[in-house]
K.L.:
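Input: one structure, supplied below.
Scope of the values below: all heavy atoms of this structure, side chains included, with no hydrogens, waters or symmetry mates.
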Amino acid sequence: QVQLVESGGGLVQAGGSLRLSCAASGRTFNNYVMGWFRQAPGKEREFVATFSRSRSNTYYSDSVKGRFTISRDSAKNTVYLQMNNLKTEDSAIYYCAARSRTGPVQNLGSYDYWGQGTQVTVSS
């Protein structure tokens, strides 16, 4: 079992920045590849960012590429999502997720564990 706890969400003006954190506990952090998803009201949960299985590469959705950066601190069992130049359309609940299986990294079904989410609201 893996427990994931997100933090760092909040209210920010368009053009601003936020850094989300996801602290993992339970089974060995390095056994899982972490990722971020988000879900806006009335919309499906969508992929935001993740690492390759080797952790040497990162993947981003087209909507956040160039503005968001995913990073990890293995010593702290924590994954981060630095979000810059935020737009109103980035407003959503952001979820941290962990996967151990193979499969498309942008698919929800590829992930084994999920956090409870943290709200990000971007005002105009």
K.L.:
Under the criterion side-chain contact (heavy atoms from CB on, under 4.5 Å), I'd like the reasoning laid out for W114 against V2: C-alpha separation, chi angles, the key distance, then a yes or no.
P.N.:
CA-CA 9 Å; W114 295 82; V2 174; over 6 Å; no
K.L.:
List the atom of V12, the atom of L18, and the distance in Å for their closest heavy-atom pair.
P.N.:
CG1-CD1, 4.0 Å
K.L.:
Is a donor on one side and an acceptor on the other found under 3.5 Å between the side chain of N77 and the backbone of S25?
P.N.:
no
K.L.:
Rounded to the nearest 0.5 Å, how far apart are OG of S91 and CD of Q119?
P.N.:
7.5 Å
K.L.:
Within the distance-only criterion (no hydrogens, no angle test), does the side chain of N107 pair as donor or acceptor with the backbone N or O of P104 below 3.5 angstrom?
P.N.:
no
K.L.:
Should S123 and L11 count as side-chain neighbours, where that means a heavy-atom distance under 4.5 Å?
P.N.:
yes
K.L.:
Are D62 and K65 ion-paired here, with the side-chain N under 4.0 Å from a carboxylate O?
P.N.:
yes
K.L.:
Tell me whether E44 at atom CD has more than 12 heavy atoms from other residues, nucleotides or ligands lying less than 6.0 Å away.
P.N.:
no
K.L.:
Can L86 be reached from V48 by stepping across I, L, V, M, F, W or Y side chains whose heavy atoms are under 4.5 Å apart?
P.N.:
yes
K.L.:
Could you grab the distance from atom CG of L108 to atom CD of Q39, nearest 0.5 Å is fine?
P.N.:
8.5 Å
K.L.:
Within a strict 4.5 Å, meaning less than it, do heavy atoms of the R72 and R55 side chains meet?
P.N.:
yes
K.L.:
For Y60 and I70, indicate whether the former's side chain and the latter's backbone hold a donor-acceptor pair under 3.5 Å.
P.N.:
yes
K.L.:
Measure the spacing between CG of N31 and OG of S100 and express it to the nearest 0.5 Å.
P.N.:
8.0 Å
K.L.:
Would you please say whether a donor-acceptor pair under 3.5 Å links the side chains of S17 and N84?
P.N.:
yes
K.L.:
Does the pair T69 and L81 meet the rule for a side-chain contact (heavy atoms from CB on, under 4.5 Å), with working shown?
P.N.:
CA-CA 6 Å; T69 302; L81 185 68; over 6 Å; no
K.L.:
Would you give the length of the straight line joining atom CZ of F68 to atom OG of S61, rounded to the nearest 0.5 angstrom?
P.N.:
7.5 Å
K.L.:
If I compare all heavy atoms of S110 with all of G103, which pair ends up nearest, and what's the gap?
P.N.:
OG-C, 3.6 Å
K.L.:
Got a second to check how far S124's OG is from K87's NZ, nearest 0.5 Å?
P.N.:
14.5 Å
K.L.:
What are the two closest heavy atoms between Y111 and A97, and how far apart are they?
P.N.:
CD2-CB, 3.5 Å
K.L.:
If you compare all heavy atoms of T78 against all heavy atoms of S21, which two are closest, and at what distance to 0.1 Å?
P.N.:
CG2-CB, 4.3 Å
K.L.:
Can R45 be said to sit on top of F37's aromatic six-ring, NZ or CZ under 6.0 Å from centre and within 45° of the ring axis?
P.N.:
no
K.L.:
Tell me whether W36 shares a hydrophobic cluster with I93, the cluster being built from Ile, Leu, Val, Met, Phe, Trp, Tyr side chains joined at under 4.5 Å.
P.N.:
no
K.L.:
Centre-to-centre under 6.0 Å for Y32 and Y113, is that the case here?
P.N.:
yes
K.L.:
If every non-hydrogen atom of R99 is compared with every non-hydrogen atom of F51, which pair is closest and at what distance?
P.N.:
NH2-O, 2.7 Å
K.L.:
So, does T88 use its side chain to make a donor-acceptor pair with the main chain of V122 at under 3.5 Å?
P.N.:
no
K.L.:
Could you tell me if Y94 and R38 have a donor-acceptor pair between their side chains, going purely by distance under 3.5 Å?
P.N.:
yes
K.L.:
Quickly, which of V105, T50, V79 forms a side-chain contact (heavy atoms from CB on, under 4.5 Å) with V33? Name it, please.
P.N.:
T50
K.L.:
Which atom pair, heavy atoms only, marks the closest approach of S56 to S52?
P.N.:
N-OG, 3.4 Å
K.L.:
With rounding to the nearest 0.5 Å, note down the distance linking CG in L4 to CE in M34.
P.N.:
4.5 Å
K.L.:
Given 3.5 Å as the limit, does a donor-acceptor pair link the side chain of E6 with the main chain of Q116, or not?
P.N.:
yes
